[in-house]
Amino acid sequence: MKPRWREFVPPPECPVFEPSLEEFADPLGYIAKIRPIAEKSGICKIRPPPDWQPPFAVEVDNFRFTPRIQRLNELEAETRVKLNYLDRIAKFWEIQASSLKIPNIERRSLDLFSLAKIVTDEGGFEAVCKERHWARVAQKLGYPPGKNIGSLLRSHYERIVYPFELFQSGASLPVHDEIDREYKPHSIPLRQSVPPSKMSSYGRRANRLKPEPEPTEEDIEKNPELKKLQIYGAGPKMMGLGLVPRDKTRKKDIPPPPPNLIVKEDVDDDDKNHIDDPNDSGDEPCTKMTMRLRRNLSNPQFVDSFVCRMCGRGDEDEKLLLCDGCEDNYHTFCLIPPLSDPPKGNWRCPKCIAECKKPTEVFGFEQATREYTLQSFGEMADTFKADYFNMPVHMVPTELVEREFWRLVSSIEEDVTVEYGADIHSKEFGSGFPVNNGKRHLSDEEEEYARSGWNLNVMPVLEQSVLCHINADISGMKVPWLYVGMVFSAFCWHIEDHWSYSINYLHWGEPKTWYGVPSSSAEKLEEVMKKLTPELFEFQPDLLHQLVTIMNPNILMSHGVPVVRTNQCAGEFVITFPRAYHSGFNQGYNFAEAVNFCTADWLPTGRSCIEHYRWLRRYCVFSHEELTCKMAACPEKLDLNLAAATHREMFIIVQEERKLRKSLLERGIKEAEREAFELLPDDERQCDKCKTTCFLSALACSNCQERLVCLYHSQDLCSCPSEKLYLRYRYTLDELLAMLHRLKVRAESFDSWANRVKEALEQEEGNKIDIKDLEVLKGEAADKKFPNNELLQRLNTVLADIHKCESSSTELLSNSESRRMSLEELRTLVDTMQNLPCVMKQLEEVQAVLQKIEVFDARAQALDSPIPAAAEIQALLEEGASLPVVAPACELLSGLQEQGRWLGEVRRTLGPEGSEVTLDVLRNLMESGCNVPQSVSVETAMAELQELLTIAERWEEKAQICLEDRQKHHLSTLEAIVNEAQLIPVQLPNILSLQACLSRARAWVTDLEEIQNGEHYPCLDDLEGLVAIGRDLPVNMEELKQLELQVASAHSWREKASKTFLKKNSQHSLLEVLCPCVEKSKKREENSLGTEEDSDVNVLGLTAQDLRDPGAIVMAFKEGERQEKEALLRLHTLLQNVCVCNGPPRPLLHLCHLCKDWFHGGCVPFPALLGSLETNLTKPLCWWDWNTRFLCPRCQRSRRPRLETILALLVALQKLPVRLPEGEALQCLTERAINWQGRAKQALDTPEVQRALERLQQAKSTEATECKKTKSTDPHTGTHWSQAHILFVTIKCL
């Protein structure tokens, strides 16, 4: 199926102009400048300069207005035609006591208007049925083929449209009454306003667009009423109601119903009191109509009225129908088409139904009943748009709003209503521009905009505007109108009154979309709209003047009408040209202001508009003749262009008036009287025929005083004899000719002045005039208000040149110029003075100055030797400075002086007596040399400097590469680079840095050799320092890699030793753990907790230098061991402390095995009670199985590895070529452990210890036996505990 709605294609954009500030200063002049381009499009857009931003002057709090209501689908011409057709056909069925329900085909409503139009174009219902063209009708309606849609269309047409079309044709009307189709045009003040209807609502067409499902076959079979009703004529129940089963075929010849058919009826209020005649037979069909016909048979007058209006007979009264509208009688068989049965309910005759053919009421916008402020209207508008598009108003694209607008105006189903505050009088509500009307004080900025020609209150009354000669304030033309819009609110296709210009300014808000058609295609647009919608123009010929009809631009463009568009944003102007049709809509909430204006080029167009109005019989806003004559009466006040245009216009008007008055004389009308038409109200001087406002003349009748006509319709005044007719005139023909002559003089005064100006400006040497003569010509142009033309601009240019030459000559000769003139300016001044058309008195003195400068210039050029003396150059420079003009030779001399100064600086810098040369010095010399005027000497010096700079930068780059860490070079390579770079006479920073690195590298090698050649292995700290220094040097040294390996192996050994001895998260270093706890013991004696972390230096009391001596370390370790023993012995004699928390003693205390201090069980880790892992945990433990040896956290600082593990560490230590303090301490600790082990073996081998061990073994055996016998006895209590404890203490003491 072809879609009903095609995607809207935007027309091309109209021209957009952006004037400069100078162009913007003359509004009408700029519009005249762009007219040749913009007039081809009909409309154009002007963007003011960015600085032009007038303040918004409306008093927002007091601004209240009542908008108009716009139903979008009633705006579009074709859609309105369809809606009007639906209104008429709905009224037809309503008169027939039926309601119109539009059927659905292919899920969309059937377009009844298009269906009727296509069937009519195909030849009518009978022709389409005979030719079987219903499939073609379906195809033209856009339905897909092959679905038997043609049959459905025929069925719907025959049931709904065909009866209406029959009565539209008037075939069944007995009397053909003439319908008065004379159209009465609207008056101008009304324009679009229509008072709100009390009966209508915003959605008055929405109800009929809700489709009602037709009865199915099953419904018809079940309902006897539906099954009996088969009526095929005009009546209350037509076939449009869909009461026939879809599977039953209807026959053309329907037999009459049986005489005993009784149709049930709904008796209305008029028949509630009706009493049946007792003589009526019960077997006779008794419908409502037949009962109404027979209820008063006893009245002879009533019986005589039983006559059919079609055939004029009164027989067969049982088939006579009485119309409920006009109470006329009709035979059922006389109707077209005939009725087989009397209808049920109310029935209307064909004459009453013909009311549907009456002309449609004149369409106009209704006024809303609510009054808005700007704030309330804006809230309503923004809410409507946001809800409609379901997004914030500022995020809705303009393209989306445009497509949706044209979709809505073309839709019959969707009934969207908006409101538009249009044609609001600015004089009553206040203009958006500042106005100097004395009502309030204006600021300086507002005063400026109040005087601006682009202020819409000022533009119509500018001096170049024609409307300034109209005294009355014409609202909308001379006085701006205001427009407050919301989304979709539209202004329809129209042209301005009197085909004038219009200008619209958008003060603020969302954009306004415009469409325009050029004046050359205005008649084409009217033809297209009349062709597509003739029904609208039939009863409303000036429909396009009412601003109530719109048509899709795509439709117009498809018929050859050129259309352009634009989006007018806030702060932009849109101008429409004479007779350019334009329309558009608002994108959202905005505030605009518009007014008309007329320029001189409009006068012929305005006269053509009056002729068009005369043909349309449309009222005029003002009299074109009156306006022209008013300008002609005062030609001296007119702009020259306006005077010339008025002369041409006045000439045509006078010729036409002479011809019309001559025709009256030929008719014998000789009576005349003068009439001041401008003093009469417009309605008293309007032509009774064409409604034109008369001014120059009118024809009146002494018998018909209330009427008058223009001379174009002198035959249409009345039927009175010509002796009763007389002419009412404003001016005689002689007076008109006199006004025409004054206009001609005014227009031709320019020619005389132009000839004198040309003669004055073309004077040659010897015939030159005085300056005062030119001033007189300029003053004459200003007095007579000549237009700004090319000749006047040339005269002004010459006078400006004269004044400029006089001023420059005076300053030159008095030597009082703030800026000295150049030689070229002096020569230009002399040439200008010689070419001026007037005598210049100072010319000879200026020429003498020029000759002096030329002589000085020649002397300076002769001085240009290879190396001029500095003193000679300075003398010439001083002489040139005293001249009143800057001589070109002074620049040459200054250049020579700068060259000598720069070359001397180069020689001093590169000479043997110069200071150190750096790269910055060379670059500065090069930069200053570029600014010195070039010569052979300068170029040679620049080449030498460039070569030296290039070599220096190359060596700097090499040194930079060597200094980077990415690539290290050998020491010999770097030494060669430094030695070569020292030959360059430039101080290079990178070379100096590389030389310093080489010195540090040599010192590093020396230090390494001293450490390696010592009597002991080097210490780890020394090697780490060398590695850190070596890594920072940009030199590749093989020894560094060996040192790094040695340091890494030493760190690896230290890490293994730390893991062996140190506990996890220990606060002690490895050296502290390995050395005797000398300092800790002293602090314990001094009641210090010793929580501070001590360094390795303080462990053995040695300095960093002493740690490098192995003998000093061994001696310090022995001394620390001795002091540790003595400190432990002293601890046993001191008063023991209780716990680290310094709290009072409480049960469950632990005794440290080493320091003999007591500790709370909750403050320290609980001592291990279990023995070795091999102990059988299923057996009760004896006291000798307990591991009760407890060391406090201060005494047990490290792990206690096995001696075999320590010996493995010592073996690894012997392989290291590095000395570590921890290694020395581990050796001493190992030696101390081995000595203790020897002494312990000797003690265990004594006889006393052997006997004690045997007794202990016996006690263990006895205890184990007793535990097996008495399991309930606690092994930890009783006498066994006391004996065993005594034995253990004894062993310990041993």
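Since we're looking at a predicted model, the values are computed, not measured. Positions are given from 1 along the sequence.
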Output a table of donor-acceptor pairs, distance under 3.5 Å, between side-chain atoms of residues 1234-1244 and any protein atom two or more places apart or on a different chain; print 'none' if there are none.
residue: Asn1235; atom: ND2; partner: Glu1231; partner atom: O; Å: 3.2

Determine whether [X] and [Y] make a side-chain contact, defined as any pair of heavy atoms from C-beta on separated by less than 4.5 Å.
{"X": "Thr1230", "Y": "Leu1203", "value": "yes"}
{"X": "Phe389", "Y": "Met395", "value": "no"}
{"X": "Phe1061", "Y": "Ile1206", "value": "yes"}
{"X": "Ser1058", "Y": "Glu1222", "value": "no"}

With [X] via side-chain contact (heavy atoms from CB on, under 4.5 Å) - residues at least two apart:
{"X": "Lys1041", "result": "Glu1038"}
{"X": "Ser1049", "result": "Leu1216"}
{"X": "Pro1247", "result": "Arg1251"}
{"X": "Ala386", "result": "Val393"}

Partner of Leu1226 under side-chain contact (heavy atoms from CB on, under 4.5 Å), chosen from Thr1060, Leu1209, Leu1213: Leu1209
Residues that Arg954 engages under side-chain hydrogen bond (donor to acceptor under 3.5 Å, both in side chains), provided they are two or more places apart: none
Sequence-distant partners of Gln946, side-chain hydrogen bond (donor to acceptor under 3.5 Å, both in side chains), two or more places apart: Thr950
Least distance between heavy atoms, Asp1245 atom then Gln1250 atom: CA-NE2, 4.1 Å
Output all residues satisfying salt bridge (charged side-chain N to carboxylate O under 4.0 Å, His left out) with [X], sequence neighbours left out; order by chain, then residue number.
{"X": "Arg1199", "value": "none"}
{"X": "Glu1204", "value": "Arg1202"}
{"X": "Lys1059", "value": "Glu1055"}

Candidate pair Gln1227 and Gln1214, rule side chain to side chain contact (heavy atoms under 4.5 Å, CB included), full reasoning: CA-CA 10 Å; Gln1227 290 178 353; Gln1214 295 299 323; 3.0 Å; yes
